[in-house]
Amino acid sequence: MVKLTRRQMLVTATVTTLAPMGHLPAHGAAPPIGKQAPGYYRYKVGSYEVTVVLDGVRSWPLDMVRNATKEDVSAALAAAHLDKEKMTFPYVPIVVNTGSKLIVIDPGLGPNLYEQTKGAVGQFHTNLAAAGIDRNAVDMVIISHFHADHVNGLLTADSKPAFPNAEILVPAPEWPFWWDDSNMSRAPAGSLLETNFKNNRRVFSALGNKVTHYEPGKELLPGITSVATPGHTPGHTSHVIASGSDKVFVQADVALLPALFVRNPGWHPTFDFAPDVAEQTRRKVYDMLAAEKMLLQGFHYPFPGLAYIEKSGTGYREIPVPWNPTI
Ligand SMILES: [Zn+2]
């Protein structure tokens, strides 16, 4: 219950006396809009312009952490004032304009899911248009790894290339794993892994397998360098965008929802293919981000996914970058 002090009550009484409701001009009730604003946010990295473009949010059951109980996961969500009945992940792709090239990194879950989820996810293409970016003007799409939330947006709702004029860059170590039939046959029937094998073949066949393989650890174009961050998938790759003295680490899925996996870097989400390797990568990257005070862009961070990292207890905590009304 809210308790007002005597002084606060006196002030309230005075205001009421001075401006009784009956003397205020009458307005007609405005109808509620009932729709969220388009999700995009811009910031500069040196002379490069980054546009963060929201794809949406999607929920998963609590039992998708291998080495934590549902109760522990629920408690961590409650501690962050999030829905403690389910894990709700944001999906946050970005677009980089270098001045000479327009580059998408990880185009989200794709417009097919938009209808199915009543608009909760699959917003990337519509938010891209709302941000004033034409899909046909995109020169390059860089993929971090082969999970549906990072590759499905390569296609339109009718399975046509969504970025018809773009070169599609994929991490070289991902390809042989996902295209190996014996790997696919070993994936348990009905598992998320099996779904991913089938989904990757569907998406990249629709593109005629026209992709360029890139090696982690290489500069892909001036100011965008790939970094091997394996574990989440065999060839999972992050990117550093650098221009002038500015830098941002675009981590993809090194850590998923921060309230769970940044606070508890030792927790192993079932989405991580090789959990021990993923944890090693996570700790190495987060130690580096904290030591270098380096800006982080997180694909599964709350929109717009920009934060700094500090060490905290046995894990880390993220300090979100405040919304900047100018660029
Ligand atoms: Zn992901």
Side-chain angles (χ1 to χ4, degrees), residues 35-57 90-115 117 119-144 148-170 203 206-207 210-212 214 220-224 226 238-243 246 248 250-252 295 297-306 321 323-327:
K35 195 172 181 294
Q36 189 49 275
Y40 63 90
Y41 178 74
R42 288 202 170 92
Y43 65 97
K44 292 290 282 277
V45 179
S47 65
Y48 291 4
E49 184 183 82
V50 177
T51 307
V52 185
V53 181
L54 182 67
D55 191 49
V57 301
Y91 295 78
V92 185
I94 63 167
V95 182
V96 186
N97 188 338
T98 67
S100 58
K101 294 262 185 232
L102 194 58
I103 302 140
V104 167
I105 304 185
D106 287 348
L109 269 159
N112 266 331
L113 268 184
Y114 187 85
E115 296 292 323
T117 63
V121 84
Q123 301 182 5
F124 179 67
H125 292 177
T126 46
N127 278 336
L128 199 61
I133 299 170
D134 178 3
R135 285 195 277 117
N136 297 299
V138 173
D139 297 295
M140 185 183 275
V141 181
I142 301 174
I143 300 294
S144 65
D149 49 324
H150 301 256
V151 301
N152 284 14
L154 285 168
L155 302 181
T156 60
D158 55 355
S159 294
K160 296 278 182 319
F163 306 95
N165 302 312
E167 181 184 9
I168 315 292
L169 268 71
V170 301
V203 171
L207 297 172
K210 269 194 282 175
V211 294
T212 306
Y214 68 87
L220 306 182
L221 68 169
I224 302 187
S226 61
S238 304
H239 302 91
V240 175
I241 302 171
S243 169
D246 290 352
V248 59
V250 185
Q251 69 157 8
L295 186 60
Q297 176 74 54
F299 193 89
H300 294 294
Y301 271 47
F303 180 79
L306 260 185
V321 173
W323 183 281
N324 188 347
T326 58
I327 298 181

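Heavy-atom basis, side chains included; hydrogens, waters and symmetry copies ignored.
Side-chain atoms of Leu113 and Asn152, non-hydrogen and from C-beta on, never get closer than 4.5 Å to each other. At least one side-chain heavy atom of Val92 sits less than 4.5 Å from a side-chain heavy atom of Leu54. Between Ile143 and Pro107, some side-chain heavy-atom pair lies under the 4.5 Å cut-off. Looking at Asp55 and Asp149, their side chains never come closer than 4.5 Å, going by heavy atoms from C-beta outward. With a 4.5 Å cut-off on side-chain heavy atoms, Gln251 and Tyr301 count as touching. Between Ile103 and Tyr48, every side-chain heavy-atom pair lies at or beyond the 4.5 Å cut-off. Inter-residue side-chain proximity for Val250 and Val240 is flagged as unmet; no heavy-atom pair is nearer than 4.5 Å.
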* Does the side-chain contact (heavy atoms from CB on, under 4.5 Å) test come out yes or no for Leu155 and Leu207, once each step is laid out? -> CA-CA 8 Å; Leu155 302 181; Leu207 297 172; 3.9 Å; yes

* **Worked check of side-chain contact (heavy atoms from CB on, under 4.5 Å) between Gln123 and Tyr40** => CA-CA 11 Å; Gln123 301 182 5; Tyr40 63 90; over 6 Å; no

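By the ring-ring contact (aromatic ring centres under 6.0 Å, His included) test, Tyr41 pairs with Trp323, sequence neighbours left out. Checked against side chain to side chain contact (heavy atoms under 4.5 Å, CB included), Lys210 has no partners two or more places apart in sequence or in another chain. Residues that satisfy the ring-ring contact (aromatic ring centres under 6.0 Å, His included) test with His150, not counting sequence neighbours, are His145, Phe299, His300. Residues satisfying the side chain to side chain contact (heavy atoms under 4.5 Å, CB included) test with Pro164, not counting sequence neighbours, are Asn136. Partners of Tyr43 by side-chain hydrogen bond (donor to acceptor under 3.5 Å, both in side chains), not counting sequence neighbours, listed by chain and number: Gln297. For the side-chain hydrogen bond (donor to acceptor under 3.5 Å, both in side chains) test, residues two or more places apart in sequence or in another chain that qualify with Thr51 are Arg42. Under the side chain to side chain contact (heavy atoms under 4.5 Å, CB included) criterion, Val211 pairs with Ile168, Val170, Trp175, Phe204, His213, not counting sequence neighbours. Considering only residues two or more places apart in sequence or on other chains, His239 meets the ring-ring contact (aromatic ring centres under 6.0 Å, His included) condition with Tyr214. Every residue was checked against the side-chain hydrogen bond (donor to acceptor under 3.5 Å, both in side chains) condition with Thr126, not counting sequence neighbours, and none meets it. Contacts of Asn97 classified as side-chain hydrogen bond (donor to acceptor under 3.5 Å, both in side chains), with partners at least two apart in sequence or in another chain: none. Phe303 pairs by the ring-ring contact (aromatic ring centres under 6.0 Å, His included) definition with nothing, not counting sequence neighbours.
From Leu221, atom CG reaches atom CE of Met140 across 5.0 Å, with rounding to the nearest 0.5 Å. Note that the CG atom of Leu169 and the CD1 atom of Ile142 stand 6.0 Å from one another [nearest 0.5 Å]. With rounding to the nearest 0.5 Å, the separation of CG in Leu102 from CG in Asn165 is 11.5 Å. Atom-to-atom distance recorded for Ile224:CD1 and Ile105:CD1 is 5.5 Å, nearest 0.5 angstrom.
Remark: side-chain polar atoms of Asp106 are not paired, donor with acceptor, to backbone N or O of Gly108 under 3.5 angstrom.
Scanning all heavy atoms of the two residues, the minimum distance from Asp246 to Gly46 falls at OD2-N, 2.9 Å. Nearest approach of Ala157 to Asn112, heavy atoms of both residues: O-OD1, 3.2 Å. Residues Ala162 and Gly153 come closest through the heavy atom pair CB-O, 3.6 Å. Nearest heavy-atom pair across Ala166 and Val138 is CB-O, 3.3 Å. What you find for Gly39 and Asn127 is that their closest heavy atoms are N-OD1, 3.3 Å. Taking both residues in full, the closest heavy atoms of Ser47 and Ser243 are given as N-OG, 2.9 Å, listed atom of the first, atom of the second, then distance.
Within the structure, salt bridge (charged side-chain N to carboxylate O under 4.0 Å, His left out) pairs that include any residue of residues 133-144 do not occur (at least two apart or interchain).
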